[in-house]
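Below, chain A is the first sequence line, B the second, and so on; all start at residue 1.
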There are 2 protein chains.
Amino acid sequence: MATIYEVSELAGVSLATVSRVMNNNAKVSEKTRTKVLQAMDELGYRPNSIAQSLASNRTNSVGVLVSELHGGFFGFIMDGIENELRLANKHIIITTGHSDEAQEKSAIEFLISRKCDALILLTDSVDDDYLVSISKTIPTVLVNRKVDEMAQNCISLNNELGGYLATKALIEKGHKDIAYISGPDWKVDSHDRLVGHQRALAEHDITYQNDLFYQGDFNEGTGFEGYNELTAAPTKFTAIACGNDEMASGAMKAARKQGLNLPKDLSIVGFDNNMFASYLYPELTTIDNSAYLMGKMATDIILKNVYKQDDIAIQNVFEPKLITRNSIATK
Amino acid sequence: MATIYEVSELAGVSLATVSRVMNNNAKVSEKTRTKVLQAMDELGYRPNSIAQSLASNRTNSVGVLVSELHGGFFGFIMDGIENELRLANKHIIITTGHSDEAQEKSAIEFLISRKCDALILLTDSVDDDYLVSISKTIPTVLVNRKVDEMAQNCISLNNELGGYLATKALIEKGHKDIAYISGPDWKVDSHDRLVGHQRALAEHDITYQNDLFYQGDFNEGTGFEGYNELTAAPTKFTAIACGNDEMASGAMKAARKQGLNLPKDLSIVGFDNNMFASYLYPELTTIDNSAYLMGKMATDIILKNVYKQDDIAIQNVFEPKLITRNSIATK
DNA sequence: TTGTATGCGTTATCAA
DNA sequence: TTGATAACGCATACAA
């Protein structure tokens with residue numbers, strides 16, 4: 001592989017000059033420039049970005065931590081990051097933490113030792129203090145998480161509003177007896193969605209009933225169990241709002257197993273607008289979580305702060321949107 | 001950020017010694033080792049992997065090219081790669097090509113200039129010659145693609161067998177009138193799956209009929225259209241085999257729209273075992289494409305050839321498996 | 001077992 | 001507008 005040195009020899013100029021035409025950041029006469037370009041071409045020269053990084057103290061890469069590489073949410077966030085980064089000629093180094101604290105920390109350490117110019121982290125297994133300390137070493141933006149000391153660098157979804165919109169969609173179709181299958185309470189997203197649900201109820205003078213609440217864990221199985229538990233209780237309902245789409249799917253399966261005709265006998269609304277939501281039957285009405293946009297925005301914060309791209313507007317909180325499909329029947 | 005030099009000063013030893021304890025590849029007395037370790041700890045030293053790479057001509061990273069970051073197929077392949085790589089203490093640099101030749105080539109160029117130790121490529125937009133020439137520069141393995149000159153470094157699925165198994169599953173449930181909705185003919189996977197379908201038919205003395213064939217493009221919409229086209233023709237059928245799960249979903253939606261009761265009135269089998277397959281109603285019987293395993297194996301080839309890990313068995317072609325769910329009724 | 005010296009392929013600071 | 005030359009942080013052959 002040809003080096004800048006060989007290029008300089010062939011072109012009959014100095015190392016410095018070759019470097020200048022590569023980065024075209026200094027004046028070079030048209031004549032020498034073409035000479036150099038020609039030499040590069042002739043040698044099939046490709047810059048060694050490792051060497052560039054060492055010398056310039058810039059890797060033009062941003063490190064990303066996600067839980068898994070598969071899965072809709074992460075996929076779209078990564079897409080948002082990667083697309084935006086590519087437009088800026090930067091690139092992405094991805095690591096996974098599998099929602100395990102030790103793995104997440106070691107992934108972060110790795111990204112730092114790899115000299116990423118900045119970090120985008122999706123994590124809930126690592127504590128606030130650690131994140132704050134990291135952010136003092138290297139520009140860091142957090143997606144789907146809020147840490148007060150880093151508020152400017154946190155991107156999140158207004159989950160409360162999302163929960164509100166979901167339940168409101170049910171109410172507007174005439175439903176009053178609405179059950180709720182929640183995600184784990186210790187997750188803020190999950191908690192906020194429930195709060196939104198309750199606000200929608202209250203605003204329409206519907207009293208919230210404990211009988212109509214089931215606590216799941218965001219996995220499909222608990223949606224299934226949840227529906228069965230809820231129907232075992234005396235309080236009847238005509239609709240269910242679910243903390244996410246997986247559980248909505250589970251509830252749909254359980255309901256169908258009990259012989260219900262969907263959506264006629266039971267209306268359901270999900271949350272996340274997961275990839276499979278439109279493949280469900282009936283196609284699931286749900287809340288879009290703006291995953292792609294959040295990834296894009298995380299990148300924008302970095303482009304602005306680290307790579308000094310101006311005229312970029314930052315938005316830290318995203319508004320969820322209702323995606324209307326066919327899983328809600330008019331009552 | 002502390003450097004190896006500062007560590008050596010604090011520990012009162014030479015640069016080389018510090019380097020030795022980092023890589024523990026040479027004898028260092030226990031006494032000096034602890035001295036060095038202590039100094040590292042005190043300074044919060046983290047090795048600069050960029051500098052390591054430049055000096056050692058090894059980046060411990062493998063470059064990966066996929067079409068998109070979201071989507072089940074790519075997700076699982078990347079998972080397979082990343083998991084295997086992490087166990088070996090190597091890491092992954094991911095780029096996307098969006099199925100566009102120019103973008104794919106520039107992504108590959110990028111990975112090379114980034115001095116990856118090896119490449120794992122998922123591409124169908126770039127020609128064989130280009131891939132062969134790349135593979136002479138840097139160890140390259142191809143997933144889901146076959147190039148004769150690089151046969152040892154190609155990982156693929158036995159799509160013909162998959163197509164065979166899918167249709168055979170239908171036949172074994174008593175179906176004889178089986179329609180087929182195919183992917184684009186120019187894609188080898190798609191073509192091979194069809195050939196497998198035809199073999200299953202032939203083996204059971206069922207004549208293949210053009211009336212029962214529809215050519216789609218692997219997207220859900222063409223599954224929908226396909227079903228409508230097929231039912232418009234005079235030849236009747238009780239089952240459909242689809243080139244992939246998306247089209248199967250489309251066909252299911254179309255059938256249901258025509259008032260059919262699934263799977264009683266129509267049996268369907270898909271291909272790929274896409275993430276949403278188990279969320280469909282009825283849950284889709286399909287063919288698993290071993291995406292995760294193919295990603296893992298691609299990595300293994302590199303671990304063996306590039307990183308010299310021995311005792312790794314290589315398998316270039318994967319056997320698809322039938323995943324039985326509820327979308328096939330007994331006739 | 002430890003230290004010295006050189007090189008990896010660039011960028012960047014000076015001079016010229 | 002160009003050219004020497006010193007970093008960048010580490011690995012490694014060679015000496016000691």
Taking only Lys NZ, Arg NE, NH1 and NH2, and the carboxylate oxygens of Asp or Glu, determine whether B:Glu101 and B:Lys105 approach each other closer than 4.0 Å. yes
To the nearest Å, give me how far apart CG (A:Leu43) and C1' (C:dG9) are. 15 Å
When you measure from the centre of the six-membered ring of B:Tyr307, is the NZ or CZ of B:Lys90 under 6.0 Å away and within 45° of the axis? yes
Taking only the side-chain nitrogens and oxygens of A:Ser56, find out if one of them lies under 4.0 Å from OP1 or OP2 of C:dT11. no
More than 12 heavy atoms of other residues, nucleotides or ligands under 6.0 Å from OH of B:Tyr5: yes or no? no
Does B:Val18 reach a base, just sugar-phosphate, or nothing at all? Heavy atoms under 4.0 Å. nothing
Need one value for A:Arg46: base, sugar-phosphate or nothing, where a base atom within 4.0 Å counts as base even if backbone is also close, heavy atoms only. sugar-phosphate
Is it the case that over 12 heavy atoms from other parts of the model lie below 6.0 angstrom from the CG atom of B:Asp148? no
At 4.0 Å (heavy atoms only), tell me whether B:Asn57 reaches a base, stays on the sugar-phosphate, or touches nothing. nothing
Of the listed D:dG9, C:dT10, D:dT1, the closest approach to the A:Tyr45 side chain comes from C:dT10
Tell me which nucleotide among C:dT10, D:dG3, C:dT4 gets nearest to the side chain of A:Thr3. C:dT10
Could you give the CG-to-P distance, from B:Leu15 to D:dA11, as a whole number of Å? 10 Å
Just compare C:dA12, C:dT10, C:dG3 and give me whichever is closest to any side-chain atom of A:Asn25. C:dA12
I want to confirm an ordering. Mapping A:Tyr5 and B:Val13 to their closest nucleotides on DNA chain C, which one lands closer to the 5' end? B:Val13
D:dG3 phosphate, OP1 or OP2, under 4.0 Å from A:Thr17 side-chain N/O: yes
Check whether any side-chain N or O of A:Ser53 sits under 4.0 Å from OP1 or OP2 of C:dT10, and answer yes or no. no
According to a strict under-4.0 Å criterion, is B:Asn23 in side-chain N/O contact with OP1 or OP2 of D:dA11? yes
Please state how far atom CZ in B:Arg58 lies from atom P in D:dA11, giving the value in whole angstrom units. 14 Å
Roughly how many Å is it from CG in B:Leu54 to C1' in C:dT6, rounded to a whole number? 13 Å
Heavy-atom donor-acceptor pair, A:Ser99 side chain to A:Ser67 backbone, under 3.5 Å: no
If you compare every side-chain N and O of A:Gln52 against the phosphate oxygens of C:dT11 (OP1, OP2), does one of them come in below 4.0 Å? yes
Want to settle it: does A:Lys31 or B:Ala55 sit nearer the 5' end of DNA chain D, counting the closest nucleotide to each? A:Lys31
Regarding A:Thr32, tell me which of base, sugar-phosphate or nothing describes its non-hydrogen contacts under 4.0 Å with the strands shown. sugar-phosphate
Ignoring the backbone of B:Ala16, work out which of C:dT10, C:dT4, D:dC10 is nearest its side chain. C:dT4
Distance, rounded to the nearest Å, where B:Met1 contributes CE and D:dG9 contributes P: 11 Å
What about B:Arg20: does its side chain form a donor-acceptor pair under 3.5 Å with the base of C:dG3? yes
Contact class for B:Ser19 vs. all strands (heavy atom < 4.0 Å): base, sugar-phosphate, or nothing? base
